> 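To start, I am sharing the structure in question, which I have written as structure tokens.
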Amino acid sequence: MTILVTGGAGYIGSHTCIELVKAGYDIVVADDFANSCMEAVRRTRKLAGVEFPFEKIDLTDYDATQKLFDKYQIDAVIHFAGLKAVGESGKIPLTYYHNNLDSTLSLLEAMKSHSVKNFIFSSSATVYGPEAPVPYNEATPVSRITSSPYGNTKLMIEYILKDEVKANPGFNAVLLRYFNPVGAHESGEIGENPNGIPNNLMPYVAQVAVGKLDMIHIFGNDYDTPDGTCLRDYIHVVDLAKGHVAALKKIKENCGLFVCNLGTGKGTSVLEMVKAFSKSCGKDLPYEFAPRREGDLPAFWADPAFAKEQLGWVAEKGIQEMCDDVWRWQSKNPAGFPQD
Ligand code: WQD
């Protein structure tokens, strides 16, 4: 079975490529390097032990995407490619709608014209929206709108896929709703490598630990949570990657539409994460409390029962291992991947 991994040079995509190869799949990686680079491809090939084919491509280009499917015999697509910075999406919404929606529609058209019927989508817990009861459960209807254009693209793509499954019996769409991916491959060779100043907590903390940034700013310590800081369901990126391999089982069962959370089922506070990272790097990290960040929810985490029941998948790695693995990646690569 050959899997096209779009965004496969990126953070979650590269870790998933390694697990797919380990599980015996052939892969083809497509990426436009908007948020990754060739060094990430080289290192992923080395860790996977396979010189898998790589295509640099803008998936919003319909013709180029059709040609990709002419060139390779694809059996399934795992679609990671997309812009994903919540804050940035609020500043350039049209770029996010064009990029994330056009690339997905272009992929689905190419799949249709090449009779490829299997699609796994990198969705997000953000689709549950601010009203959903915690822990988030797949039976909860998705929100009418999310807190950002980024989140709205995830919501819209879920609707596109649900409609495509309804109209095309035999088309399988697996929607995997991620919580907060963190961590890195145990080798320290690949990891999260955000462009510019990180929006997300973990890469920001890691860059303070390695001296690239000077102070952690904790957005709000007056929430109604045990220590006043927000709770999130942080999941190790390798556990997340294994969840995608497990999801292929549903594809083989011709599942039609299948929706599933990928989370640990536990909430960890910002302060707890900072303290765990201090333990990993062996130094007290400087932090200060700052005003709340607009759009942040106080606390949410997954109900992971459905993934366990349906996929036989459970997240195994804990917070300390997540921090240890990020520290190994960041301390070995203080400036991230070397650019070609
Ligand atoms: C986590 C907590 C912040 C940075 C987003 C997207 C989600 C997914 C993951 C993309 C919050 C606090 C953060 C900092 C801080 N998307 N924080 N100081 O917002 O839960 O989820 O990223 O991959 O779809 O919504 O993640 O890491 O940005 O924030 O105090 O410098 O850390 O307030 O409570 P978030 P995050």
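What you see is a predicted model; the values in this text were computed from it and never measured. Just so it is clear, the values below take in all heavy atoms, side chains as well, and ignore hydrogens, waters and symmetry mates. We count ligands from 1, going down the list as the structure has it; atoms in each ligand are counted the same way.
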> Just checking Phe258 against Phe306, ring centres under 6.0 Å apart?
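When the ring centroids of Phe258 and Phe306 are compared, they turn out to be within the sub-6.0 Å range.
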
> May I ask you to check whether His244 and Phe80 place their ring centres under 6.0 Å from each other?
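Yes, they do, as the ring centres are separated by less than 6.0 Å.
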
> Give me the residue, atom name and distance of the protein heavy atom closest to atom 10 (C) of ligand 1.
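Sorting protein heavy atoms by distance from atom 10 (C) of ligand 1 puts Tyr150 OH, 3.5 Å first.
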
> Using a strict threshold of under 4.0 Å (side-chain N to carboxylate O), is an ion pair present between Asp227 and Lys275?
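The answer is no: the pair does not qualify as a salt bridge.
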
> Counting only heavy atoms, which portion of Asn200 has something under 4.0 Å from ligand 1: side chain, backbone, both, or neither?
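Both parts.
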
> To check your reading of the model: name the closest protein heavy atom to atom 18 (N) of ligand 1, its residue, and the distance in Å.
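I find the closest protein heavy atom is His217 O, 2.8 Å.
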
> Identify the protein heavy atom lying closest to atom 20 (O) of ligand 1, giving its residue, its atom name and the separation to 0.1 Å.
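Sorting protein heavy atoms by distance from atom 20 (O) of ligand 1 puts Arg232 NE, 2.6 Å first.
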
> Residue-level breakdown please: for Met202 versus ligand 1, do any non-hydrogen atoms fall below 4.0 Å on the side chain, on the backbone, on both, or on neither?
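For Met202, no heavy atom sits under 4.0 Å from ligand 1.
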
> For atom 12 (C) of ligand 1, what is the closest protein heavy atom, and at what distance to 0.1 Å?
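Checked against all protein heavy atoms, atom 12 (C) of ligand 1 sits closest to Val270 CG2, 3.9 Å.
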
> Side-chain contact, heavy-atom cut-off 4.5 Å: Ile78 with Leu20?
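Answer yes - side chains close enough.
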
> From atom 2 (C) of ligand 1, work out which of Tyr223, Phe289, Tyr234, Phe179 has a heavy atom at the shortest distance.
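Of the listed residues, Tyr234 has the closest heavy atom.
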
> List the steps, then state whether salt bridge (charged side-chain N to carboxylate O under 4.0 Å, His left out) holds for Lys91 with Glu88.
CA-CA 5 Å; Lys91 299 190 185 86; Glu88 181 189 57; over 6 Å; no

> Tell me whether Glu253 is salt-bridged to Lys249, with the criterion being a basic N under 4.0 Å from an acidic carboxylate O.
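The answer is no: the pair does not qualify as a salt bridge.
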
> Between Glu272 and Lys266, is the closest basic N to carboxylate O distance under 4.0 Å?
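No, this pair does not count.
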
> Have a look at Ser124, Ser147, Pro194 and point out the one with the heavy atom closest to atom 7 (C) of ligand 1.
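Among Ser124, Ser147, Pro194, the closest heavy atom to atom 7 (C) of ligand 1 belongs to Ser124.
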
> Considering only non-hydrogen protein atoms, determine which one is nearest to atom 23 (O) of ligand 1 and report residue, atom name and distance to 0.1 Å.
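Its nearest protein heavy-atom neighbour is Lys84 NZ, 3.4 Å.
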
> Among protein heavy atoms, which lies nearest atom 17 (N) of ligand 1, and at what distance?
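Among all protein heavy atoms, the one nearest atom 17 (N) of ligand 1 is Phe219 CD1, 3.7 Å.
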
> If you take the nearest heavy atom of each of Asn180, Leu201, Leu271, which one is closest to atom 27 (O) of ligand 1?
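Of the listed residues, Leu201 has the closest heavy atom.
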
> To which protein heavy atom is atom 19 (O) of ligand 1 closest, and what is the distance rounded to 0.1 Å?
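Looking at atom 19 (O) of ligand 1, the protein heavy atom closest to it is Arg293 NH2, 2.9 Å.
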
> Check this for me - ligand 1, Val86, N or O atoms closer than 3.5 angstrom, yes or no?
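No: no nitrogen or oxygen of Val86 is under 3.5 Å from one in ligand 1.
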
> Between Tyr128 and Arg177, is there a cation-pi geometry (under 6.0 Å to ring centre, at most 45° from the normal)?
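Arg177 over Tyr128 ring: yes.
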
> Centre-to-centre under 6.0 Å for Tyr234 and Trp301, is that the case here?
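Distance test on ring centres: not under 6.0 Å, no.
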
> Please determine whether a side-chain nitrogen of the Lys or Arg among Asp239 and Lys242 lies less than 4.0 Å from a carboxylate oxygen of the Asp or Glu.
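Salt bridge: no.
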
> I'd like to know whether ligand 1 has Tyr178 as a neighbour, heavy-atom separation below 4.0 Å.
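It does not; every heavy atom stays at 4.0 Å or beyond.
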
> In terms of atom number and element, which parts of ligand 1 are under 4.0 angstrom from non-hydrogen atoms of Asn199?
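Per the distance check, 4 (C), 28 (O).
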
> Suppose we measure from atom 33 (O) of ligand 1 to each protein heavy atom; which comes out shortest, and what is that distance?
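That would be Asp296 OD2, 2.5 Å.
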
> Need the ligand 1 atom indices (1-based, order shown) with element for anything under 4.0 Å from a heavy-atom of Ile218.
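Checking each atom against Ile218, I get 30 (O).
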
> Ring centres under 6.0 Å, that's the criterion: do Phe33 and Phe54 meet it?
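Close enough - the centres of the two rings lie under 6.0 Å apart.
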
> Under 4.0 Å from a heavy atom of Cys230: which atoms of ligand 1 are those, numbered in the order shown and with their elements?
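Near Cys230, meaning under 4.0 Å from one of its heavy atoms, ligand 1 has 34 (O).
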
